[in-house]
Asker: 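Below: one structure in structure tokens.
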Amino acid sequence: MAEKRLLLIDGNSVTFKAFFALYTALGKFTNSEGLHTNAIYGFNTMLETMLKVVQPTHALVAFDAGKTTFRTKMYDNYKGGRAKTAPELSEQFPYVKELLAARGIQTYELANYEADDIIGTLAKQAEEQGFTTTIVTGDRDLTQLADDHTTVSISKKGVSEIEHYTPAYVKEKMGVTPAQIIDIKGLQGDNSDNYPGVTGVGPKRAVELVSTYGSIDGIYDHLADITAKKLKEHLIADHDQALLAKQLATIKRDAPVEKTVSELVYKGDDYDQLVPFYQKMNFNQFLSKMSIDGEAPTATPGLEEVTYTVLTADNVTELPSFTDGCEFYLEMLDDNYHTAELAGFVIGHNDQWWVSRDTALLQQAPLKGLLENADIAKQVFDAKRTFVALQRLAVTLTGVDCDLLLGSYLLNTYDNSNDLGRLAMEHGYHQVATDEDVYGKGAKAAIPDDDDVFFSHLARKARAIEQLRPQIFKDLADNEQTDLYRDIELPMAFVLARMEVAGITVEASELEAMGSKFTEQLAEIEQTIYNEAGEEFNIGSPKQLGHILFEKMGLPVIKKTKTGYSTAVGVLEKLAAEAPIAENILKYRKIAKIQSTYVEGLLKVIHPDDQKVHTRYLQTLTQTGRLSSVDPNLQNIPVRNEEGRAIRKAFVPSHPDWEIFSSDYSQIELRVLAHMSHDKQMQEAFREGQDIHAATARRIFKMGPDEEVTPNIRRQAKAVNFGIVYGISDFGLSQNIGISRKQAKAFIDTYFEEYPGVKAYTERMVQQAHELGYVETIAHRRRYLPDINSRNFNQRSFAERTAMNTPIQGSAADIIKIAMIRMEQALKDMQATMLLQVHDELIFEAPASEIDTLAKLVPSVMDSAIELEIPLKVESHYGPTWYDAK
DNA sequence: CGGGTCACG
DNA sequence: ACGTACGTGACCCGG
């Protein structure tokens, strides 16, 4: 007999999961009638995966019937206190059922019972009839149903990420058998279902108790063996609660389900229903997938045909003049556009496309003129990348109107894929493949030899830019982000491009000299460490190091990581008092880091032609609006300790008798906080030019006017200020400055009393995040915080801290970006060149003769970039190397 | 390819 | 009861 495979899905749970997994894209998932479709889409994605993996012969999706069940009769507050289901979600349930009907899968619900109980009951029947069963849910409680013939698949974060629980995996992951899950639940209760277990027992303790005594009954049989006094008291006091909780957690295996397993035959897709359904939902991707699989004769094809003309030296002059603007895309396989081979390009408009592999054509008329003509609007994807690459051909891209990547990132910081095909998909446009699909991935990635494959892909990219542009601009306008896009981010792209192209000179000889010195030092320390350890081992391996320190030498274990012993700085510093080896390891680590990352790392990326390094600033990556820097990262060159700082001696001007000049904002984040919070006290401190950390110390420690602020007290106040900016928690602060949590809480409370405006600000940001789902910077940069309503404490807390921090960090990023754009203008008649940005600092090179001018000009541009309620302060330094510009 | 560690603001 | 400071990137190890 053929194998019988049953697929059982918890419809409510999976729909919920899908809804929240695609929550940030909620706005993108609507059909033409305004119905939200993200949960339906996510559900179907999950379903596709499961159908493929399980290949079921039978299937059913169970739903909850209503609010009252036999459990609410047992316990009034069962699932009480739950937030009402969002209407955007509840409207989707009927369509999930319609989808399932079209896919040939039955649905079922039963009054007084939850979906779990239907599943438990049918799984039991199936077991008796020799089925192999797969249960799909988002709820870990169902792992209690795992057995030799039943796997429980839990959809994790995303809808496509699925974890399969067999009994062995349950044991490994949760530390108990499937049958013991209910005992765990009995002890710890369930917050989301709103019932308590035993006071003081969390997951850790519950697992410990259950694995020792087997079950709740086992624990109460051996109460005498339990020595922890408090625990025992709680166990005794909460016995009834524990038994009730266990009962509530137990899934029924004998619910009065009127269906039998044999009735659940999976019929497969009904195209007459499914195709119109997908069309109604606007699920173009699922539609095209059907046709690729060759299953549905009526569906639209995967990708629409695209026509194009191949450009050559002969016909290039026949190009139109594009007075209405044009789309342009320059293809490179490698990320690093400073060096990547230029593989081809596409240009066109109104769905008329011209393509070529011959990028030399771009250097000739009419293309060069067109690209350099400010009056011909260009629509591109990643303007900075395109600009820098064209600059290598001596073509200066001018007149960019739309950068699809930049616009998309501003709308939603998560929509920042460097792959046009992927990004288009995130906006619901499916008529262009991803680069991975066309070019392949990893080492095997290559531009196709087949002209039609390559050119069609290019033409589709240009068409995607043309099609998506109106929507992006409309959405930006709706979000009041047009100014941010037009006046800050788009000009910023070209400022950054020119900084990247300029590069900064690094003296290889200086690095090499340092390198040989470090090599010697490392060899010496290495020997000392081997002697102290009594054997040779790899000091760079935390695993081997942990073995030596804590097993062989028997040093006390101070902290553990997920995988073993922690050997982080804090731990080694504590050990240093009793073991000199710890001190030496710290020394070794410090030098090894400088050597590998900065000496060797930088030497590898110095360009042989010009002795410079050319970083790439990622403008569409961070969630706050900051830049990041890669290949190499020039935003984390050492400065805090002397050995590392010496690396900066290798960064020099590119001409003799020039200097490195640097200006940085002083306390910009706290000033932004003082501005945004309107806090009177904090503003006063800044207006009077006080040392803000000392002023804070006076306030939170209630010091008299004559009392001296000692360095230690100031350090503590500084940590509190930082904490506030990061979105404070008493735990975090206590860890940072080594005080008790209680003391930390007292500090924070006093801080908020002294700076009530700051307190109101933090509360306002968290509230806004709850109400609108996002927070904003001064320039309307937006960050969505989907986890702000999470029932997971950790996720929610993180989102809350982020809600406080992002407007501050992000507004500081807005400010320096404005300054950079104005700076470039201000420098246009000077030789001085802006080279680097390090978040609150700008670095230039300039002839010595221009330094006096710069020393006035740069701070004035920077501190007037934006008008705040308090002044901005800028400090400047210069010298013959970056090291000296301090 | 993820985790640990450490460099920066 | 939960278990955290915010934002990044590069290197090394080991599976």
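The sequence lines fix the lettering, A, B, ..., with proteins before strands; numbering per chain opens at 1.
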Asker: Separation of A:Arg796 atom CZ from C:dG3 atom P, in whole Å?
Answerer: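 Rounded to the whole Å, the gap is 13 Å.
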
Asker: Report the residue (A:Gly601 or A:Leu621) whose heavy-atom-nearest nucleotide on DNA chain C is the more 5′ of the two.
Answerer: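 Result of the comparison: A:Leu621.
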
Asker: Determine the Euclidean distance between corresponding P atoms of C:dA1 and B:dC6; express it in Å to zero decimal places.
Answerer: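 It works out to 34 Å between them.
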
Asker: Any salt bridge linking A:Asp787 with A:Arg796? Criterion: basic side-chain nitrogen under 4.0 Å from a carboxylate oxygen.
Answerer: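 Looking at A:Asp787 and A:Arg796, the cut-off is not met.
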
Asker: Using a heavy-atom cut-off of 4.0 Å across all strands, would you classify A:Leu627 as base, sugar-phosphate, or nothing?
Answerer: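 No contact.
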
Asker: Could you check whether A:Tyr726 and the base of C:dC6 form a stacked pair, meaning centres closer than 5.5 Å and planes differing by less than 30°?
Answerer: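 Stack criterion met.
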
Asker: Can you tell me how far P of B:dG9 sits from CD of A:Gln667, to the nearest Å?
Answerer: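 A:Gln667 atom CD is separated from B:dG9 atom P by 13 Å.
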
Asker: So what does A:Val838 touch, heavy atoms closer than 4.0 Å: a base, only the sugar-phosphate, or nothing?
Answerer: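 Result for A:Val838 = sugar-phosphate.
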
Asker: Does the distance from a Lys or Arg side-chain N to an Asp or Glu carboxylate O, for A:Lys590 and A:Glu643, drop under 4.0 Å?
Answerer: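 Yes, charged N to carboxylate O under 4.0 Å.
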
Asker: Under 4.0 Å, counting only non-hydrogen atoms across every strand here, what does A:Gln735 touch: a base, just sugar-phosphate, or nothing?
Answerer: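 Nothing, no heavy atom under 4.0 Å.
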
Asker: Quickly work out the A:Asp631 CG to C:dC11 C1' distance and round it to whole Å.
Answerer: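 One finds 14 Å between C1' of C:dC11 and CG of A:Asp631, rounded.
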
Asker: Identify, between A:Ile728 and A:Val201, the residue whose nearest nucleotide on DNA chain C lies closer to the 5' end.
Answerer: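 Looking at DNA chain C, the more 5' nearest nucleotide goes with A:Val201.
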
Asker: Under 3.5 Å for both donor-acceptor distances, Watson-Crick or wobble: does C:dA1 have a partner, and if so which one?
Answerer: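 Here C:dA1 is not engaged in any pair, so there is no nucleotide opposite it.
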
Asker: Does any donor-acceptor pair link the side chain of A:Lys593 with the base of B:dC6 at a separation under 3.5 Å?
Answerer: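 By the distance-only test, yes, there is a pair.
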
Asker: Over all strands shown, is A:Asn633 touching base, sugar-phosphate only, or nothing at heavy-atom distances under 4.0 angstrom?
Answerer: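 Sugar-phosphate only.
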
Asker: Ring centres under 6.0 Å, that's the criterion: do A:Tyr751 and A:Phe747 meet it?
Answerer: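 They do not qualify: ring centres at least 6.0 Å apart.
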
Asker: If the threshold is 4.0 Å, N to carboxylate O, is there a salt bridge linking A:Lys384 and A:Glu500?
Answerer: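 Salt bridge between A:Lys384 and A:Glu500, a charged N being under 4.0 Å from a carboxylate O: yes.
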
Asker: If you look at every strand shown and take non-hydrogen atoms under 4.0 Å, does A:Ala719 touch a base, only sugar-phosphate, or nothing?
Answerer: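 Here A:Ala719 touches the bases of the nucleic acid.
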
Asker: For A:Asn538, which contact category applies under a 4.0 Å heavy-atom criterion: base, sugar-phosphate, or nothing?
Answerer: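 Sugar-phosphate only.
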
Asker: Per the atom types in the model, does the base of B:dC8 pair as donor or acceptor with the side chain of A:Gln635 at under 3.5 Å?
Answerer: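 By the distance-only test, no, there is no pair.
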
Asker: Kindly indicate whether the side chain of A:Ser628 and the base of C:dT8 share any N or O donor-acceptor pair separated by less than 3.5 Å?
Answerer: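 Check fails, no donor-acceptor contact within cut-off.
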
Asker: Quick check: any donor-acceptor pair below 3.5 Å linking the side-chain of A:Arg589 to the base of B:dT5?
Answerer: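 No.
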
Asker: Roughly how far apart, to the nearest Å, are C:dA5 and B:dT5 at atom P?
Answerer: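 So the two P atoms sit 14 Å from each other.
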
Asker: Any donor-acceptor pair under 3.5 Å between the side chain of A:Arg640 and the base of B:dG9?
Answerer: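 Such a pair exists between side chain and base.
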
Asker: Within this structure, what is the CD1-to-C1' distance between A:Ile585 and B:dT5, rounded to whole angstrom?
Answerer: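 Taking CD1 of A:Ile585 and C1' of B:dT5, I get 14 Å after rounding.
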
Asker: Keeping A:Lys817 on the side-chain end and A:Gly625 on the backbone end, is there a donor-acceptor pair under 3.5 Å?
Answerer: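 Such a contact is found between A:Lys817 side chain and A:Gly625 backbone.
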
Asker: Is the shortest side-chain heavy-atom distance between A:Leu187 and A:Val210 below 4.5 Å?
Answerer: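 Contact flag for A:Leu187/A:Val210 side chains = yes.
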
Asker: Output the rounded distance in Å from CZ (A:Phe731) to P (C:dC6).
Answerer: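 It is 12 Å, rounded to the nearest whole Å.
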
